[in-house]
Q: 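Right, I'll just put the structure down here and ask away after.
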Amino acid sequence: MSEQKRELTKKNQDFIFQFKKLLAQNSKLTGEQIEGIVTEVENNLLETQGKGQTAAQIYGTPTMAVQQHLDPKRTAKKLFDYKFSTLALDTSLAIFMLFAVVFGLTLFFSKNASNQGAGIVSLLLIAALGGSIYTGVVLKLTPNPKAKDKQEPTSRRWVYLLMAVVAWLGGFLILGMLPQVINPTLPPVVYIILGAAAFGVFRWNRKKYGLTGGFFAISQLSQQARLEASKK
C-alpha cells in the first residue's frame with residue numbers, strides 16, 4: 001500500500017481497491033499503465049477529500065470510474081450535452097418502475113382491489129409529470145458552463161424549487177383523484193409486469209444514449225457538473 005493510499009479515507013481506500021481490481025479484470029492494460037491510472041485517481045481523491053468530496057461524488061461507482069478511463073468517448077457527455085427529453089424519459093421511467101412495483105404490492109395485500117389512487121392513467125401521468133419537473137429543476141439549479149448568462153441568484157433558485165414542489169404535489173393529488181371510468185385499477189400482477197417492461201425500456205434508453213449512474217442518472221450528472229464548476 002502506497003503512502004498516498006494510507007492518507008486516503010477508509011471509504012476512498014475501499015474505492016481504490018475495487019477500482020484497481022476492476023481495471024485489471026476489464027482491460028488489456030499493462031501493469032505499469034494500471035498503476036499510472038490508479039495513481040492519478042488517488043491524487044485526485046487526496047486533493048478533493050480535503051474539501052469534503054467523496055469518491056462516489058466524483059466518480060460514481062468503481063465500475064463507472066473504470067468505464068471513464070477505458071472508454072472516455074462513452075462517458076465524455078456532461079449533463080447539458082443531453083437533450084431534455086432524454087433525461088426526462090430516463091427519470092420518468094425510473095419513477096414509473098418504482099410506483100408500478102409499489103402499486104402492485106399494495107394492491108396485492110389490500111382488501112380494496114379498486115383503490116382509486118392506483119389507477120393506471122394516474123400512474124402514467126404522475127411518472128411523466130414527476131420526471132419532467134425533476135429534470136427541469138435539476139437543469140435549472142445546476143451551473144451550466146455553456147450558458148452565456150451568469151448563474152441566477154440563490155433566492156430565485158429557491159423559488160424555482162418551491163414552485164416545482166407545489167406543482168408536483170398538486171399534480172399528484174389531482175391525478176390521484178381521477179374517476180375510475182377513465183383511470184381503471186389493474187390487477188396487481190399487471191403492475192408488476194408493467195414495471196418489468198419499463199425496466200427493459202429503461203435499460204435500452206440508457207444504452208442508446210450512453211447514460212450511466214444510479215437510479216436517477218441526472219442526479220449523478222448534476223453532482224459531477226457542480227464539482228467541475230466548483231474547481232473553476
Q: Quick check against the 3.5 Å criterion: does T135 have a side-chain atom that pairs as donor or acceptor with the backbone of G131?
A: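 Pair found, side chain donor or acceptor close to backbone of G131.
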
Q: So I95 and F216, do their side chains get closer than 4.5 Å, heavy atoms only?
A: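 Counting from C-beta outward, F216 and I95 do come under 4.5 Å.
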
Q: Given side chains that start at C-beta, do those of D14 and K10 come closer than 4.5 Å, heavy atoms only?
A: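 SC-SC contact between D14 and K10 confirmed.
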
Q: Rounded to the nearest 0.5 Å, how far does OG1 of T91 lie from CZ of F202?
A: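 Reported to 0.5 Å precision, the distance equals 8.5 Å.
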
Q: For residues S219 and Y134, is any side-chain donor paired with an opposing acceptor at under 3.5 Å?
A: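 S219 vs Y134: donor-acceptor pair found between side chains.
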
Q: If hydrophobic clusters are built by linking Ile, Leu, Val, Met, Phe, Trp and Tyr wherever their side-chain heavy atoms come under 4.5 Å apart, do I192 and V102 end up in the same one?
A: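 Different clusters.
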
Q: Looking only at heavy atoms, which two atoms of M97 and F215 are closest? And how far apart?
A: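 Residues M97 and F215, closest heavy atoms: CE-CE1, 3.9 Å.
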
Q: To the closest 0.5 Å, what do you measure between NZ (K140) and CD1 (I133)?
A: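 CD1 of I133 is found 15.0 Å from NZ of K140.
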
Q: L221 and side chain to side chain contact (heavy atoms under 4.5 Å, CB included): which partner among L139, V138, L79?
A: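 Exactly one pass, corresponding to L79.
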
Q: Under a 4.5 Å cut-off applied to non-hydrogen side-chain atoms, are D90 and L87 in contact?
A: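 D90 does not reach L87 side chain to side chain.
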
Q: Could you verify whether a donor N or O on one side chain and an acceptor N or O on the other, from N44 and Y59, lie under 3.5 Å apart?
A: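 The criterion, which ignores hydrogens and geometry beyond distance, is satisfied for Y59 and N44.
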
Q: Would you call T106 and Y191 a side-chain contact if the rule is heavy atoms closer than 4.5 Å?
A: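 With C-beta onward as the side chain, the pair stays apart.
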
Q: To the nearest 0.5 Å, how far apart are CD1 in I120 and CG in L125?
A: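 Here the rounded value is 9.5 Å.
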
Q: Testing the basics here: between G60 and F15, what is the closest heavy-atom pair and its distance to 0.1 Å?
A: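 Of all heavy-atom pairs spanning G60 and F15, the closest is O-CE1, 3.6 Å.
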
Q: Taking atom CZ as the centre, does F84 end up with more than 12 heavy-atom neighbours from other residues, nucleotides or ligands that are less than 6.0 angstrom away?
A: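 Counting neighbours around CZ of F84, more than 12 heavy atoms of other residues, nucleotides or ligands fall under 6.0 Å, so yes.
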
Q: Do V101 and V189 land in one hydrophobic cluster if side-chain heavy atoms of ILVMFWY residues count as linked below 4.5 Å?
A: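 No, separate clusters.
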
Q: Okay, side chain of Q223, backbone of A56: is any donor-acceptor separation there less than 3.5 Å?
A: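 No.
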
Q: For L22 and P62, work out which heavy atoms get closest and say how close.
A: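 Heavy atoms only, the tightest pair is CD1-CB, 3.9 Å.
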
Q: Cluster question for you: counting only ILVMFWY and a side-chain heavy-atom cut-off of under 4.5 Å, with indirect links fine, are L105 and L107 together?
A: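 L105 does not cluster with L107.
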
Q: Could you give the distance from CD (Q180) to OG1 (T185), rounded to the nearest 0.5 Å?
A: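 Answer rounded to 0.5 Å: 4.0 Å.
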
Q: Parallel, tilted or perpendicular for F99 and F103, by the 30°/60° rule?
A: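 The rings of F99 and F103 stand perpendicular, inter-plane angle above 60°.
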
Q: How long is the gap from CD1 on I58 to CG on N12, to the nearest 0.5 Å?
A: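 Rounded to the nearest 0.5 Å, the CD1-CG separation comes to 7.0 Å.
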
Q: Can you find a pair of side-chain heavy atoms, one from I182 and one from V121, that are under 4.5 Å apart?
A: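 Of all side-chain heavy-atom pairs linking V121 with I182, none is under 4.5 Å.
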
Q: Can you find a pair of side-chain heavy atoms, one from Y82 and one from I218, that are under 4.5 Å apart?
A: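 Not in contact.
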
Q: What is the minimum heavy-atom distance between T9 and Q49, and which atoms define it?
A: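 So the two residues come closest at N-OE1, 3.2 Å.
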
Q: Taking side chain as C-beta onward, heavy atoms only, is I16 less than 4.5 Å from Q13?
A: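 The answer is no, as the side chains (C-beta and beyond) never meet within the 4.5 Å cut-off.
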
Q: Is it true that L186 and I126 fall in one hydrophobic cluster, defined by side-chain heavy atoms closer than 4.5 Å?
A: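 Shared cluster, yes.
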
Q: So which atom in L129 and which in A167 form the shortest heavy-atom distance, rounded to 0.1 Å?
A: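 For L129 versus A167, the nearest heavy atoms are CD2-O, 4.2 Å.
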
Q: Working to the nearest 0.5 angstrom, can you tell me the gap between R203 CZ and L93 CG?
A: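 So the gap between those two atoms works out to 13.0 Å.
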
Q: Could you report the tightest heavy-atom contact between A127 and S92, atom names first, then the distance?
A: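 Answer, listing the atom of A127 first, then S92: O-OG, 3.2 Å.
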
Q: Find out if a path of hydrophobic residues (ILVMFWY) with successive side-chain heavy-atom gaps under 4.5 Å connects I174 to M163.
A: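 Different hydrophobic clusters.
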
